[in-house]
Each structure stands twice: as structure tokens, then as C-alpha cells.
Visitor: 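One structure, as C-alpha cells, below. Some questions next.
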Amino acid sequence: MQLFDTNQFQQDLLAWYRSEKRDLPWRRENDPYRIWVSEIMLQQTKVDTVIPYYERFMNDFPTLQALAEAPEEKVLKAWEGLGYYSRARNLHAAVKEVQSHYGGRVPDSEKEIHQLKGVGPYTAGAVLSIAYQVPAPAVDGNVMRVLSRLFSMYDDITKASTRKMFEEIIRDIISEEDPSSFNQALMELGAVICTPTSPGCLLCPVADHCRASAEGVQELLPVKPKKKAPKTVHLQSLVLSSEDAVLVEKRPEKGLLANLWQFPMLADGEPEAMWTNYAKQRDGTVRNLTYVAHIRHVFSHLVWEIDVYKAEGSISSPEERQAWMTEAQMDEAAFPVSHQKIREEVQSSSSDR
DNA sequence: TATACGTGGCT
DNA sequence: TAGCCAAGTAT
């Protein structure tokens, strides 16, 4: 059996990366703020999905200062549809922290950057290595898949202890001359060659170094237990119109879809009684209650089954976080995809009559 | 350590 | 279709 040749591995990996790397927007930048934003957006999100959001975000908030000074509603609107919205709120809070506590300069030490909201072990290493050429590990799902195969390791990659072990391995084999390219090359390899299913070992620049490939077990790795089925919740939502406005409410500031807007939503029940009572409690009325459509929205851990209704009416005593919005105002507010679907269903239900 | 936290694309 | 997967973090 032969030992792993770190120098040769680095050379083969980096040569491949320098000639084959994709031309991505954030690879044209060296601004730590911009690298940071890209890394937050890329968490659990595909490159192709991120690119248009990144371009718009950089247009809206070109500098750390611009983001720090922006109202949260604008930031959430820019994030609308990207998912994991706490990323946006944490990034916003962290940028304000950098502005006030670090004079606007993104910190370059592991300890300081890791203390920022939304910056975990992966993002800390990614920003430090890519923006500052600090030889810190940036171990994401790609890297764990690549390393599992490279060394034919059957450790469960969903465990934090496994990630830490991989971080130590990276500290041993990272290129000190170009940590940025080394970390990105490992991720790039995982994204385009060493894919979860049907990895392209014949095209792999480091196949000669790969134990799983030699053993023919690459399809068995990495080891990752399957997750359980999401729970289903049955709901009703009401699009209540008055003149040219619609009743909407801002979701709670913590938890699922925090601080995003939605149409009033209740646990499933008898529609007429439920919404009549809903209006009555707020000194209002509903009339012409009409069923519109059924919508299924699948989250990673939850399924919403929503019966959508529309009605006309009024509410004299709206709650603290409720508001009447025109179509134009709704265009400026951030709604989750589930409620964008509802809005579309109601619009098409009224237009085809 | 286990679970909450979004969305869209692919098999 | 149902399940899986993606440049993870917070609690």
C-alpha cells in the first residue's frame, strides 16, 4: 500500500482548478464583504440559484456600509425566494456589528469572524481563506464527500465529530501558498466531478490519489443516514379584500419564515364559521367567502396543505403586525414562496371570470 | 446530539 | 411521484 503524497495531490488538484474552474461572479472579486455574502447565500443552496440573487444583492447593497445602513425589509425583500431567511437577518446583524465594532473591516481571525451571527465553522474558514489567504479549513458537504472517498472513510458525515476530523485533515494537507484555491478546488471538485451519484472518476484530476476509486466503492460513500419524512400540517388561508387593498400580516420575529409577510392563516376547520369568527374578533365582517384552490408547500422538515379562500370585507381593529396592502405595496414586501403561490391563485381565479 | 430552518432541481 | 440533494448555522 502506498502513502498519500500531499505535495503531488496539491499540484494535481490546483492545476486542474486553475484551468477548469467555473467563472462565477464572486470569483471576480476580492472584497471580503462580497465573498462573505456569497458564502452565506451558498449555504445549502446551488450555485445556479444563487447567481441572480448575488448580482441583485450586490447591486442593491454594493458595500458593507450600504448593507449595514439598509432597513431590514429591504434586505428580506432581496432574499425573497432564496430560503433560510435567518441567513439574511443574521448577515444584516453581523454586518452592522462589523461596521460598529470593527470599523467596517471584516475581521481576519478565526476567533473574531466565528463570533459573527450566521458565521459557523465552514463560513469562517471560507471567508478567511478566500478573502485573506489564511490556511483555515472550509469543510462543507462537498469537501466531506471528496475526503470520504479520497481516504475511503465510512464515518457518518452528518456528525459534528466527523466534520472536525475532516477539518484536522485539511489543516494537514492544505496548500500554504494558496489556501483560497485549495479550498475552492476541493468544493469545485465535489460539485462538478466527485458528485453524490455517478461520480466522474474517469475525468477526476486526483483519481490516482483516491482510495475509494481504487477499491471501486465511490458510490457507497459518503455515509449519511436518511432523514425522516416531514410532518404535514393542514391549514386555511384567507385573502380578504377591501377596495383595492388586501389584509396581510407579518409573521413572528422568530422561527419559520420569521418577519416575512403572509395572508392570514389558521388551522383547518369549518371555513364559514372560522373566518366569520376571525373577522368578528377584530370588529370586522366577511362576505362572499369563496374557495379558490388547494396548495401544497413542502419545506425541508414540514409540509403545508393549504385550502385557499377569498372574500370581501373589512377589519376595524387589525392586530399590531397586520396591515392593508395594495398590489403595489405587496410587490415591495417579502412573502415566502407559499404565499406567492396563494397570491397567484387568487389573481388567476379573478381574471378568468 | 438532534432538530428547526426554504427552495428548486434532479432521479 | 417521492425522495434526495445543495458552498450550514443556531439552539
Side-chain angles (χ1 to χ4, degrees), chain A residues 21-22 24-27 35-54 76 79-91 93-94 113-131 137-146 156-164 166-167 170 180 182-192 194-199 219 222 224-233 251-252 254-260 262 296-304 334-341:
Chain A
K21 67 180 176 187
R22 291 169 291 177
L24 305 175
W26 45 90
R27 286 187 177 157
I35 301 299
W36 180 11
V37 171
S38 74
E39 290 302 337
I40 300 296
M41 287 189 171
L42 285 162
Q43 289 170 6
Q44 299 289 285
T45 311
K46 303 246 200 235
V47 165
D48 288 345
T49 301
V50 167
I51 289 174
Y53 280 90
Y54 179 80
L76 283 176
W79 213 270
E80 182 185 61
L82 240 198
Y84 285 147
Y85 299 95
S86 65
R87 291 183 295 175
R89 298 189 306 120
N90 286 337
L91 172 63
I113 200 166
H114 193 275
Q115 284 173 353
L116 297 171
K117 282 187 182 176
V119 178
Y122 162 76
T123 305
V127 174
L128 289 176
S129 62
I130 297 171
V139 175
D140 71 337
N142 286 310
V143 174
M144 290 198 283
R145 183 171 59 256
V146 169
D156 177 356
I157 65 165
T158 66
K159 292 187 176 302
S161 57
T162 302
R163 194 206 70 240
K164 286 177 185 171
F166 283 140
E167 285 171 351
I170 293 298
S180 167
F182 183 89
N183 280 340
Q184 293 189 77
L186 241 25
M187 294 189 273
E188 185 88 352
L189 189 67
V192 304
C194 197
T195 48
T197 59
S198 312
E219 299 269 14
K224 192 177 182 180
K226 35 183 124 178
K227 37 192 163 186
K228 40 186 182 181
K231 290 181 180 175
T232 300
V233 181
R251 291 180 56 85
K254 293 201 174 206
L256 183 65
L257 306 171
N259 281 357
L260 270 66
Q262 67 175 14
R296 163 183 297 207
H297 190 76
V298 181
F299 298 91
S300 47
H301 62 302
L302 194 65
V303 179
W304 276 357
F335 286 81
V337 170
S338 52
H339 284 254
Q340 294 169 21
K341 289 184 195 169

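What you see is a predicted model; the values in this text were computed from it and never measured. Chain letters run A, B, ... following the sequence lines, proteins first, then strands; residues in each count from 1.
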Visitor: With sugar-phosphate meaning primed atoms plus P, OP1 and OP2, does A:R89 contact a base, only sugar-phosphate, or nothing at under 4.0 Å between heavy atoms?
Guide: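 Nothing: the residue A:R89, judged by heavy atoms under 4.0 Å, touches no strand.
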Visitor: In whole Å, I'd like the distance from the CZ atom of A:F299 to the C1' atom of C:dG3.
Guide: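 For the pair A:F299 CZ and C:dG3 C1', the rounded distance is 18 Å.
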Visitor: So A:K224, base contact, sugar-phosphate only, or nothing? Heavy-atom distance under 4.0 Å.
Guide: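 Sugar-phosphate only.
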Visitor: With rounding to the closest Å, how many angstrom separate the P atoms on C:dT11 and B:dG6?
Guide: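 My reading of the P atoms in C:dT11 and B:dG6 gives 14 Å.
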Visitor: Using a 4.0 Å heavy-atom cut-off across all strands, classify A:L24 as base, sugar-phosphate, or nothing.
Guide: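 Here A:L24 touches the bases of the nucleic acid.
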Visitor: Is a donor on one side and an acceptor on the other found under 3.5 Å between the side chain of A:E188 and the backbone of A:R22?
Guide: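 Checking the backbone N and O of A:R22 against the side chain of A:E188, a donor-acceptor pair under 3.5 Å is found.
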Visitor: Remember a base hit wins even if backbone is also touched, and classify A:R251 as base, sugar-phosphate or nothing at under 4.0 Å, heavy atoms.
Guide: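 No contact.
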Visitor: Output all residues satisfying side-chain contact (heavy atoms from CB on, under 4.5 Å) with A:T232, sequence neighbours left out; order by chain, then residue number.
Guide: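 Only A:H234, A:V303, A:E305 meet the side-chain contact (heavy atoms from CB on, under 4.5 Å) criterion with A:T232.
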Visitor: Closest heavy-atom contact between A:E80 and A:Y85?
Guide: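 In terms of heavy atoms, the two residues are closest at CA-CE2, 4.0 Å.
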Visitor: Would you mind reading off the distance between A:N90 atom CG and C:dA10 atom P, rounded to a whole angstrom?
Guide: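 Going from A:N90 (CG) to C:dA10 (P), I get 6 Å.
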Visitor: When the nearest nucleotide of DNA chain B is assigned to A:L257 and to A:K159 on a heavy-atom basis, which residue is associated with the more 5' position?
Guide: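 The 5'-side residue here is A:K159.
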Visitor: Answer with base, sugar-phosphate or nothing: what part of the nucleic acid does A:S38 contact at a heavy-atom distance below 4.0 Å?
Guide: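 If one applies the 4.0 Å heavy-atom cut-off, A:S38 turns out to touch nothing in the nucleic acid.
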Visitor: For the backbone of A:C194 and the side chain of A:R145, can you confirm whether one donor and one acceptor N or O come within less than 3.5 Å of each other?
Guide: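 Such a contact is found between A:R145 side chain and A:C194 backbone.
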Visitor: Roughly, in whole Å, what's the span from CD in A:E219 to C1' in C:dC5?
Guide: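 It works out to 15 Å between those atoms.
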Visitor: Scan side-chain atoms only and decide if A:T197 and A:E219 contain a donor-acceptor pair under the 3.5 Å cut-off.
Guide: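 There is no such pair between these side chains.
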Visitor: How long is the line joining CD of A:E188 and C1' of C:dA6, in whole Å?
Guide: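 Computing the A:E188:CD to C:dA6:C1' distance gives 14 Å.
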Visitor: Return whichever of A:L42 or A:A229 has its heavy-atom-nearest nucleotide of DNA chain C closer to the 5' end.
Guide: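 Whichever sits nearer the 5' end wins; that is A:A229.
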Visitor: Can you check whether A:Y54 and A:W26 have ring centres sitting under 6.0 Å from each other?
Guide: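 Ring centroids of A:Y54 and A:W26 are less than 6.0 Å from each other.
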Visitor: Is the A:W304 ring parallel, tilted or perpendicular to the A:F299 ring (thresholds 30°, 60°)?
Guide: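 Answer is perpendicular, since the angle exceeds 60°.
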Visitor: Without swapping roles, check the side chain of A:S129 against the backbone of A:A126 for a donor-acceptor pair under 3.5 Å.
Guide: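 Present.
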Visitor: Across the strands shown, which category fits A:T45 at heavy-atom distances under 4.0 angstrom: base, sugar-phosphate, nothing?
Guide: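 Touches a base.
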Visitor: Taking any atom closer than 4.0 angstrom to a non-hydrogen atom of chain A, what span of DNA chain B does the protein reach, first nucleotide to last?
Guide: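 Contacts span B:dT3 to B:dG8, reading 5' to 3'.
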Visitor: Could you state the atom-to-atom distance from CG of A:D140 to P of C:dT9 in whole Å?
Guide: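 Spelled out: CG on A:D140 to P on C:dT9 is 10 Å.
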Visitor: Give one of base, sugar-phosphate or nothing for A:W26, where a contact means two heavy atoms less than 4.0 Å apart.
Guide: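 The residue A:W26 makes base contact.
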Visitor: Starting at the 5' end of DNA chain B and moving along, which residue's nearest nucleotide shows up first, A:A160 or A:G255?
Guide: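 Final value for this comparison: A:A160.
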Visitor: Within the 4.0 Å heavy-atom criterion, would you say A:G190 contacts the bases, only the backbone, or no part of the nucleic acid?
Guide: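 Contact class for A:G190: none.
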Visitor: Say you pick atom P in C:dA2 and the same atom in B:dC5; how far apart are they, in whole Å?
Guide: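 The same atom, P, in both gives a distance of 23 Å.
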Visitor: Which whole number of Å gives the distance between the P atom of C:dC4 and that of B:dT3?
Guide: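 16 Å, rounded to whole Å.
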Visitor: If you check every side-chain atom of A:Y122, which of C:dA2, C:dT9, C:dA6 has the closest atom?
Guide: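 For A:Y122, the side-chain atoms sit closest to C:dT9.
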Visitor: Please give, in whole Å, the distance from C:dG3 P to A:K226 NZ?
Guide: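 Computing the A:K226:NZ to C:dG3:P distance gives 10 Å.
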Visitor: Base, sugar-phosphate, or nothing: which does A:K254 touch, judged by heavy atoms less than 4.0 Å apart?
Guide: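 No contact.
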Visitor: How many whole angstroms separate atom CD of A:Q44 from atom P of C:dC5?
Guide: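 One finds 12 Å between P of C:dC5 and CD of A:Q44, rounded.
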Visitor: Any base atoms under 4.0 Å from A:V298, or only sugar-phosphate, or nothing? Heavy atoms, all strands.
Guide: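 Base contact - A:V298 has a heavy atom under 4.0 Å of at least one base atom.
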Visitor: Are any side-chain N or O atoms of A:R163 and backbone N or O atoms of A:T158, one a donor and one an acceptor, separated by less than 3.5 Å?
Guide: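 No, the answer is negative, given that no donor and acceptor are paired below the 3.5 Å cut-off.
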Visitor: Expressed in angstrom and rounded to an integer, what is the separation of A:K228 atom NZ from C:dC4 atom P?
Guide: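 So the two atoms are 14 Å apart, to the nearest Å.
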